[in-house]
Amino acid sequence: MKSNINNIILMSIVLAAPNVYSAEPEEYYVRIDGGTLEQCTGTTNAPWNESSGSDACAVKHIFELLDPRTDEVNMAGGSIVNILNASSNTPSEYAMGRHDTYTSGDCGSSWAYNCTMPSIPAGTAERPTIIRGGLGTSCNNKPILWGTGRAKQIFSLDNTSHVELSCLTVTDKSSCIGASQYPDNSLVCKRGTPYDKPFADTGVFMRDSNNIKLTNMDIQGLSKGILAGRIRDVKLEEVNLFANFHAGWDGDIAYLGGDGSANTGTIEFKDSSISFNGCGLIYNPGQADHMTPHACAKQSLGGYGDGIGTAKTGGDWIFDNVKVFHNNSDGIDLLYHELGGLVTVKNSHIEGNAGNQLKVAGNSNIINNIIIGTCAWNSRQDPSIGGNGENCRALGTALSLSYTETDTEVNLINNTVYSEGDCLLSGGNRTNVNRLDQKLTVVNNIFYGMTDYLQDFENTCMYYTEEPYPNTLFQNNLIHKVKGFGDPCNTFHDAGSDQGHCTTTAGPFYDNEDHNVTSNPKLVNINLGHRYSAYDPETLSKEANKPSPLNGDSTGVDKGYSGTDIGLIPNKDFFNAPRDDLRDLGAIEFNVKPKSPVILDVIQVN
């Protein structure tokens with residue numbers, strides 16, 4: 001009897017498995033005017049013409065190749081799928097979920113949320129599986145894949161490898177949010193039947209996968225931009241994670257089963273943007289507010305909003321030239337990076353996130369960054385955006401550093417850091433290990449204290465930590481207008497090196513223009529609550545605060561340390577401008593711009 005039961009279970013598993021198409025890799029074309037896979041092979045870039053009787057035409061939807069109704073995979077790993085626009089000037093839109101003829105099987109009305117593609121088949125290092133917008137020659141107008149019917153995800157990369165996605169917008173057509181207690185209930189997503197609402201949950205789901213690359217993608221307006229765990233060697237380049245109301249990147253998949261969520265290898269973000277997650281995205285075509293963030297929701301209302309958040313993880317995490325703006329909780333939260341690896345954050349701009357700007361654990365290099373801890377930015381915005389958002393969640397300290405091993409090393413070099421939270425910097429042992437060879441190196445930074453938003457009778461503190469203290473090298477830094485906690489001007493715990501210029505205050509922050517204070521870095525003023533003219537990544541980057549030196553007399557000019565004993569001191573600044581032998585403090589080097597030539601005379605040459 002037991003043997004029969006096992007046979008029945010085995011048969012059920014076999015019947016439920018996807019029917020994988022076993023053809024050789026091909027190049028496919030998806031066009032709005034294509035046909036079904038029964039009508040067209042999909043391997044010719046041409047419309048379907050019923051009267052011609054020819055099957056040399058494109059398919060009408062990627063669902064023909066990755067069928068959500070049956071989980072059939074009708075393409076081989078290593079194939080290329082080109083998703084095309086009908087016009088060179090206007091992106092085509094493809095519904096991703098129950099619609100059109102995709103209404104049977106897993107796309108039935110009672111479970112429309114399961115109407116999602118099966119996992120993309122694995123390619124190889126030599127021939128990855130590629131799904132891209134256009135033909136791979138340019139990316140001026142990304143085709144739009146929009147989720148509907150409460151679809152669980154748009155793309156699934158589950159137990160696969162060597163897959164590339166590029167030149168696509170992944171979104172939905174709803175302005176709703178997930179915070180169940182939000183005061184305006186009309187904005188809360190209606191998740192019950194009928195499952196016909198134009199929203200989806202996750203843009204890209206990754207689990208137990210490796211060697212994945214996402215390039216030139218907008219993943220926006222969903223619940224989670226990316227849900228990922230147990231992945232290895234993943235790269236995001238020119239990816240915009242924008243206004244996903246739960247999180248930009250959610251790294252906790254434990255609730256789905258399996259062995260935790262820990263990642264390995266290298267997880268890299270390059271030339272990318274992670275902004276306004278924890279807020280909804282208005283879908284209102286033709287109107288001024290279309291594609292603008294709204295309804296940021298604090299945790300007490302059921303909201304969330306990390307730009308990047310993970311469960312317990314390892315791996316080498318790299319953030320290079322990444323903009324992390326105005327997420328409704330932490331900007332980058334790698335507090336659970338406890339399982340080995342190195343965190344590198346460089347040449348990045350992190351500003352206005354409603355919790356901590358950056359949390360790291362374990363070995364970390366934080367170099368050449370602008371970090372502006374205006375954690376109460378929401379309080380200075382229109383109520384439709386920030387009225388119910390977080391303000392300085394978990395006290396809003398700008399930088400949180402945690403030690404996970406007896407020999408953890410954290411390097412904080414050439415950053416410009418502001419804070420209106422409790423402190424500029426906090427640190428401590430994450431895993432309760434002894435100090436032994438733990439090391440904190442703090443060199444060539446500018447630390448600028450502002451009025452503590454939650455306690456406006458005092459300024460932010462410089463550094464909060466508890467024993468055991470790491471071995472600390474604190475050299476050639478500038479500390480301006482922090483409160484006296486911990487005697488920051490004279491001791492950085494057991495630091496034995498030069499403390500640099502330093503001024504404390506017992507009272508409120510005063511005008512940046514008071515240049516009589518020796519520690520004033522004399523930087524361009526920042527705007528604590530500035531409002532943007534638009535919310536695309538280019539505008540956000542252009543209009544965000546950039547506290548550069550006012551002139552050659554600014555206090556941090558030529559005051560940096562350039563010794564070769566600290567090998568991580570950068571040769572270029574945040575803007576990729578060269579640093580000379582006399583390094584400046586902070587992220588931005590002062591460079592004298594050459595003057596335009598003066599034309600004294602014009603001589604005509606025959």
Side-chain angles (χ1 to χ4, degrees), residues 146-148 150-151 169-192 197-203 218-227 240-250 273-309 324-331 333 351-355 374-393 396 529-537 539-540:
W146 64 277
T148 187
R150 214 192 89 184
T169 294
V170 178
T171 187
D172 63 22
K173 293 188 175 183
S174 173
S175 305
C176 74
I177 62 171
S180 59
Q181 302 302 309
Y182 196 79
D184 184 352
N185 186 257
S186 69
L187 295 178
V188 179
C189 298
K190 305 301 184 286
R191 298 184 63 81
K197 313 301 186 299
F199 71 86
D201 283 346
T202 297
D218 297 318
I219 306 175
Q220 60 191 30
L222 302 157
S223 173
K224 302 174 183 180
I226 294 174
L227 176 61
N240 177 29
L241 298 177
F242 177 58
N244 299 288
F245 64 72
H246 182 80
W249 172 296
D250 183 347
S273 177
I274 306 165
S275 300
F276 285 96
N277 297 290
C279 310
L281 184 62
I282 295 175
Y283 183 78
N284 194 15
Q287 302 303 311
D289 61 356
H290 182 54
M291 294 290 116
T292 63
H294 75 137
C296 308
K298 54 193 171 185
Q299 191 169 1
S300 62
L301 298 176
Y304 185 54
D306 277 353
I308 301 287
V324 186
F325 297 147
H326 308 298
N327 297 286
N328 194 52
S329 188
D330 299 327
D333 184 355
E351 178 176 346
N353 301 285
T374 46
C375 54
W377 184 86
N378 275 331
S379 70
R380 305 175 183 110
Q381 302 307 302
D382 187 273
S384 65
I385 296 179
N388 291 286
E390 294 281 6
N391 287 295
C392 300
R393 181 182 179 274
H530 65 122
R531 302 186 179 194
Y532 297 92
S533 62
Y535 293 91
D536 58 276
T539 301
L540 291 175

How many angstroms lie between atom OG of Ser533 and atom CG of Leu540, to the nearest 0.5 angstrom?
9.0 Å

Roughly how far, to the nearest 0.5 Å, is the SG atom of Cys296 from the CG atom of Asn388?
9.5 Å

Counting only N and O atoms by type, is there a donor-acceptor contact under 3.5 Å from the side chain of Asp306 to the main-chain atoms of Ser329?
no

Mind checking whether His326 and Tyr535 have ring centres under 6.0 Å apart?
no

Evaluate the side-chain contact (heavy atoms from CB on, under 4.5 Å) criterion for residues Lys190 and Asn185: first the C-alpha distance (whole Å), next the side-chain angles of each, then the deciding distance (0.1 Å), finally the verdict.
CA-CA 10 Å; Lys190 305 301 184 286; Asn185 186 257; 4.2 Å; yes

How close do Cys279 and Pro293 get, counting heavy atoms only, and between which atoms?
CB-CB, 4.4 Å

Closest contact, heavy atoms only, Gly303 versus Ala179:
N-CB, 3.8 Å

Check Phe245 against Cys176 and note the closest heavy-atom contact, atom names and distance.
CD2-O, 3.6 Å

Let me confirm one number: the CG-CG distance from Asp218 to Asn240, rounded to the nearest 0.5 Å.
5.0 Å

What distance do Arg393 atom CZ and Asp330 atom CG have between them, rounded to the nearest 0.5 Å?
6.0 Å

Using a distance-only test with no angle check, is there a side-chain donor-acceptor pair under 3.5 angstrom linking Asn327 and Asn277?
yes

Say whether, by atom type as modelled, one donor and one acceptor occur between the side chain of Gln381 and the main chain of Gly529 under 3.5 angstrom.
yes

Sidechain-backbone polar pair: His294 side chain, Ser175 backbone, donor-acceptor under 3.5 Å
yes

Is it the case that the side chain of Asn391 and the backbone of Ser379 share a donor-acceptor pair, with hydrogens and angles ignored and the cut-off at 3.5 Å?
yes

Minimal non-hydrogen separation, Gly355 against Cys375, with atom names
O-CB, 3.8 Å

Indicate the ring-plane relationship of Phe276 and Phe242, choosing parallel, tilted or perpendicular according to the 30° and 60° boundaries.
perpendicular

So how far is it from Asn353 CG to Glu390 CD, rounded to the nearest 0.5 Å?
12.0 Å

Under a 3.5 Å distance rule, please check whether Arg380 uses its side chain to pair with a backbone N or O of Gly386 as donor and acceptor.
no

Mind running side-chain contact (heavy atoms from CB on, under 4.5 Å) on Thr171 and Tyr283 for me, showing each step along the way?
CA-CA 10 Å; Thr171 187; Tyr283 183 78; over 6 Å; no

d(Leu301 CG, Tyr182 OH) to nearest 0.5 Å is 8.0 Å

Under the criterion side-chain contact (heavy atoms from CB on, under 4.5 Å), I'd like the reasoning laid out for Thr169 against Gln220: C-alpha separation, chi angles, the key distance, then a yes or no.
CA-CA 8 Å; Thr169 294; Gln220 60 191 30; 4.1 Å; yes

Asp201 bridged to Arg191 by N-O distance under 4.0 Å
yes

Shortest non-hydrogen contact from Gly352 to Trp377?
O-CB, 4.0 Å

Side chains of Thr374 and Glu351 in contact at under 4.5 Å (non-hydrogen atoms)
yes

Contact summary for Gly225 and Thr202, nearest pair of heavy atoms
O-CG2, 4.3 Å

Side chains of Met291 and Asp536: closer than 4.5 Å at any heavy-atom pair?
no

